[in-house]
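Working notes, structure below.
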Amino acid sequence: MKKTLALCSAFLLMVSALSGCSTSNGKPADQPSASPAAAYDEEKNADVIVVGAGGAGLSAAISAVDNGAQNVIILEKTNRTGGNLNLTSGSMSAAETSLQKEAGIEDTKASFVEDIMKNGAQLGNRELVEAFVNEDTDMFEWMLEHGLADNQFNLDKATGGKAVFAPEHQLYSVQRTYKAKADDPEHYSSAAHEVLDQYIKTLDNVAIDFNTDGVKLLANDKGQVLSVEAVTEDGKTVKYTANKGVIMATGGYSGNFKLMGKYAEHGADYLSSTTSMGEGIRMMQEVGGNVDETAMSYIPTFPMGVQTGPQSGTIGSTYTWKAGGICVNQEGKRFVNEQEARVDVREVALEEQPGAVQYDIFTDKIVADLSAAGGDMMYQLYFNPETGRAKNLVKSAATLDELASMINVPAEALKATVETYNKAVDGEVEDEFGRSFDPTPSAYSVAVNKIEGDKYYAIPLKALVVMTLGGVSIDTEAHVLDESGNVIPGLYAAGECTGGIWGKFVSGGTGVMGPITFGRIAGRAAMNDTLAEGYTVKAASNLFDASLFEKETASADRFDMSKPLKDGEYTATVDGQEGPMSVKTTIADGKISAVEITEQHETAGVSDKAISDLPASIVAENSVNVDTISGCTLSSGRILDAVTDCLNQASAQ
């Protein structure tokens with residue numbers, strides 16, 4: 001596999017940064033220096049440097065300009081803006097809004113604060129929650145003024161068709177969650193991303209350096225953290241220096257299974273919809289940023305992860321439990337009231353199971369009743385035996401013994417579980433988890449059924465994480481704090497790289513509006529602060545081990561390219577992000593002459609570079625033993641898996 005000198009240099013620089021070794025003048029990591037041993041390929045200056053172009057980063061840049069910045073540079077390691085906003089439809093929440101007033105809904109910011117604290121198990125930081133809520137309304141109204149419109153919102157019949165509703169997570173005491181549709185759904189998953197991105201494009205004094213990875217923060221001789229070392233896609237090193245402040249908006253660690261496994265018992269087994277590794281958090285630790293390790297364990301999950309890759313997934317419940325289905329663990333036992341109204345109870349229950357996996361157990365009758373009630377949209381989308389995106393996950397059998405064998409759970413335990421459950425449905429015993437069998441339809445139950453019939457089904461679902469709640473400590477002005485609670489001069493943070501704000505669980509809409517709102521606060525603070533001098537910069541005492549951020553590498557090449565290949569066209573299909581990916585590989589004169597992706601359902605924008613560039617790379621190298629495309633790791637892996645399958649077909653001829 002070919003490696004360029006530039007890529008090797010970039011890798012060595014990143015390893016050096018993660019290992020705590022200095023790239024500046026030989027000093028250890030707890031004594032950052034502004035004087036590098038070797039010159040950078042390029043140096044750039046701006047009033048504010050923002051690391052990360054997600055919701056927090058875009059908002060921070062806009063806010064900095066609004067507060068007088070003459071120029072702002074955003075570093076973005078991928079090839080597009082948005083971060084996790086590319087992976088969500090983007091619910092937003094705010095209190096005392098114009099939309100609520102139009103709908104006749106009475107709300108208060110004080111009530112919003114109390115709901116967030118309650119939803120976070122009273123473990124959030126009240127002062128930071130209050131800062132968010134107080135700023136959040138103005139931020140939401142700004143977005144209404146800059147692109148959001150009533151006709152973009154899903155309507156709620158309960159409020160007379162007004163655009164106010166509460167769709168996800170634990171419900172608020174008042175309707176204050178909003179979900180707007182993007183005007184351009186081909187390029188934007190969320191309206192929030194669309195509004196921020198389109199506005200940024202109107203600002204001539206904001207530049208975004210794409211495919212540029214910030215790897216180290218640097219302090220100057222006054223103890224101010226105002227510089228960022230970065231590596232470009234082609235391996236060049238760039239030093240960015242701010243006049244006013246560096247704002248870290250680098251995201252969380254929901255794609256780092258080692259780090260999640262360190263703080264959650266089964267965290268290494270979770271599925272993730274992102275590739276965020278959390279390197280930005282460690283960068284801030286290197287200059288003293290405090291990380292509350294208790295908050296690092298706050299990793300909210302969805303109990304409905306459909307596996308789309310080795311550890312990637314998407315939200316996709318069967319909802320068969322609404323019509324009588326049950327959920328069992330790898331021991332063949334139920335572990336929760338499947339119809340529990342508290343979402344966090346079901347989330348935590350699955351997180352605690354071996355492998356963080358459950359099997360939805362149901363029958364044809366249960367599916368029929370779910371369909372009759374109009375509740376099978378997600379089931380049909382993912383698990384329809386003919387057209388479902390994840391139909392390969394569906395297991396069916398004529399007996400429970402056979403089904404147990406197919407999903408590798410103890411048959412006797414599964415049969416005993418079903419027998420006990422069926423008795424509870426008949427009223428012979430109390431349900432062990434308090435499940436009710438009242439036939440009256442509700443949001444959590446549309447039919448009552450026993451697990452019995454001519455055919456039994458099982459579908460595995462895993463705990464899916466889409467965001468993390470740990471990170472560096474900040475104050476109400478988004479200053480990064482050290483372990484003594486002191487402000488680190490020049491350094492600000494917003495979004496998922498900050499921790500301890502929300503508590504153990506996230507409240508609806510705060511996953512989008514939290515980063516955007518704190519980004520606004522950070523941009524304003526950076527421009528209005530007077531930087532202190534004389535601060536002593538040193539690494540945090542609990543600096544994460546660099547090994548937690550090392551990406552796994554294959555122990556061997558994907559395919560032995562010395563094998564003879566028979567000419568012809570070969571097709572392979574693998575699981576994709578939102579549906580199957582099919583790839584046609586043409587072999588001519590014993591070599592790979594063409595790779596064509598004939599079907600794919602990857603996330604638009606995020607996967608674009610892998611879709612466009614990787615097939616050509618495979619052909620040019622005549623090999624699948626090539627590097628994945630930076631920022632498109634999951635999509636790259638799927639393409640390579642499919643082509644490898646084609647090569648195996650060709651070598652077997």
Kindly give the heavy-atom pair with the smallest separation between [X] and [Y], and that separation in Å.
X: S635; Y: A610; value: CB-CB, 4.2 Å
X: D641; Y: R558; value: OD1-NH1, 2.7 Å
X: Y492; Y: G245; value: CE1-CA, 4.1 Å
X: P515; Y: A494; value: O-CB, 4.3 Å
X: E347; Y: P303; value: CG-CD, 3.6 Å

Problem - Counterpart residues, side-chain hydrogen bond (donor to acceptor under 3.5 Å, both in side chains), relative to Y263 (two or more places apart) - result: E293
Do [X] and [Y] come within less than 4.5 Å of each other through their side chains, counting heavy atoms only?
X: I299; Y: Y253; answer: yes
X: V357; Y: D269; answer: no
X: V72; Y: N205; answer: no
X: V51; Y: I247; answer: no
X: S272; Y: Q311; answer: no
X: I618; Y: I639; answer: yes
X: S227; Y: K239; answer: yes
X: Y270; Y: E351; answer: yes

Exercise for the section: Count the heavy atoms of every other residue, nucleotide or ligand shown that sit under 6.0 Å from CE of M377, and state whether that count exceeds 12. Expected result: no
Exercise for the section: Could you tell me whether D184 atom CG has more than 12 heavy atoms of other residues or ligands within 6.0 Å of it? Expected result: yes
How long is the straight-line distance from [atom2] of [Y] back to [atom1] of [X], given to the nearest 0.5 Å?
X: N86; Y: T81; atom1: CG; atom2: OG1; answer: 6.5 Å
X: E42; Y: Y240; atom1: CD; atom2: OH; answer: 6.5 Å
X: L85; Y: L196; atom1: CG; atom2: CG; answer: 7.5 Å
X: K462; Y: L271; atom1: NZ; atom2: CG; answer: 5.0 Å
X: M406; Y: K395; atom1: CE; atom2: NZ; answer: 5.5 Å
X: E602; Y: S636; atom1: CD; atom2: OG; answer: 9.5 Å

Determine whether the side chains of [X] and [Y] contain a donor N or O and an acceptor N or O closer than 3.5 Å.
X: D575; Y: Q307; result: no
X: T274; Y: S254; result: yes
X: E229; Y: Y40; result: yes
X: R389; Y: T308; result: no

Handout entry: Residues F559, D645; criterion side chain to side chain contact (heavy atoms under 4.5 Å, CB included); working and verdict
Key = CA-CA 9 Å; F559 184 83; D645 190 333; over 6 Å; no
Problem - Results of side chain to side chain contact (heavy atoms under 4.5 Å, CB included) for D47 - residues two or more places apart only - result: A69, Q70, N71, N243, K244, M527
Exercise for the section: Could you list the residues that satisfy side chain to side chain contact (heavy atoms under 4.5 Å, CB included) with S562, not counting sequence neighbours? Expected result: D560
Hey, is the main chain of [Y] close enough, under 3.5 Å, to the side chain of [X] for a donor-acceptor pair?
X: T212; Y: F210; answer: yes
X: Q285; Y: F544; answer: yes
X: Q600; Y: M581; answer: no
X: T301; Y: A463; answer: no
X: E76; Y: T78; answer: yes
X: T275; Y: G255; answer: no
X: S651; Y: L647; answer: yes
X: K391; Y: N384; answer: no
X: K258; Y: S547; answer: yes
X: N256; Y: L548; answer: yes

Practice task
Report the C-alpha separation of S312 and R638 in whole Å, then their side-chain angles, then the decisive distance to 0.1 Å, and conclude whether the side-chain hydrogen bond (donor to acceptor under 3.5 Å, both in side chains) test is met.
Solution key: CA-CA 11 Å; S312 61; R638 292 170 187 134; 3.1 Å; yes
Completion exercise
From the list V50, V238, L75, side-chain contact (heavy atoms from CB on, under 4.5 Å) partner of V228 resolves to L75
Handout entry: Sole residue of L461, I459, V409 in side-chain contact (heavy atoms from CB on, under 4.5 Å) with Y359
Key = V409
Practice task
May I have the step-by-step check of salt bridge (Lys or Arg N to Asp or Glu O under 4.0 Å) for D209 and K44, ending in yes or no?
Solution key: CA-CA 11 Å; D209 286 4; K44 296 185 178 183; 2.8 Å; yes
Practice task
With sequence neighbours excluded, tell me which residues meet ring-ring contact (aromatic ring centres under 6.0 Å, His included) with Y199.
Solution key: W142, H146
Problem - Set of residues satisfying ring-ring contact (aromatic ring centres under 6.0 Å, His included) with respect to Y188, sequence neighbours excluded - result: H193
Exercise for the section: Apply side-chain hydrogen bond (donor to acceptor under 3.5 Å, both in side chains) to the pair Q358 and D360, showing each step before the final yes or no. Expected result: CA-CA 7 Å; Q358 71 183 36; D360 284 12; 2.9 Å; yes
Anything under 3.5 Å between a donor and an acceptor, one on a side chain of residues 582-593, the other on a protein residue two or more places apart or in another chain? List them.
{"unit_1": "S582", "atom_1": "OG", "unit_2": "T573", "atom_2": "OG1", "d": "2.8"}
{"unit_1": "S593", "atom_1": "OG", "unit_2": "T586", "atom_2": "O", "d": "3.2"}

Exercise for the section: Report the C-alpha separation of Q380 and E386 in whole Å, then their side-chain angles, then the decisive distance to 0.1 Å, and conclude whether the side chain to side chain contact (heavy atoms under 4.5 Å, CB included) test is met. Expected result: CA-CA 9 Å; Q380 295 299 335; E386 300 296 329; over 6 Å; no
Handout entry: Pair N625-M561, side chain to side chain contact (heavy atoms under 4.5 Å, CB included): steps then yes or no
Key = CA-CA 9 Å; N625 305 319; M561 294 305 301; 3.9 Å; yes
Practice task
In plain terms, say whether E233 and K77 are close enough for a salt bridge, that is, a side-chain N and a carboxylate O under 4.0 Å apart.
Solution key: no
Exercise for the section: Step by step, work out the side chain to side chain contact (heavy atoms under 4.5 Å, CB included) result for V225 and M284. Expected result: CA-CA 10 Å; V225 179; M284 288 184 278; over 6 Å; no
Problem - Worked check of salt bridge (Lys or Arg N to Asp or Glu O under 4.0 Å) between R80 and D197 - result: CA-CA 10 Å; R80 68 166 298 168; D197 192 53; 6.0 Å; no
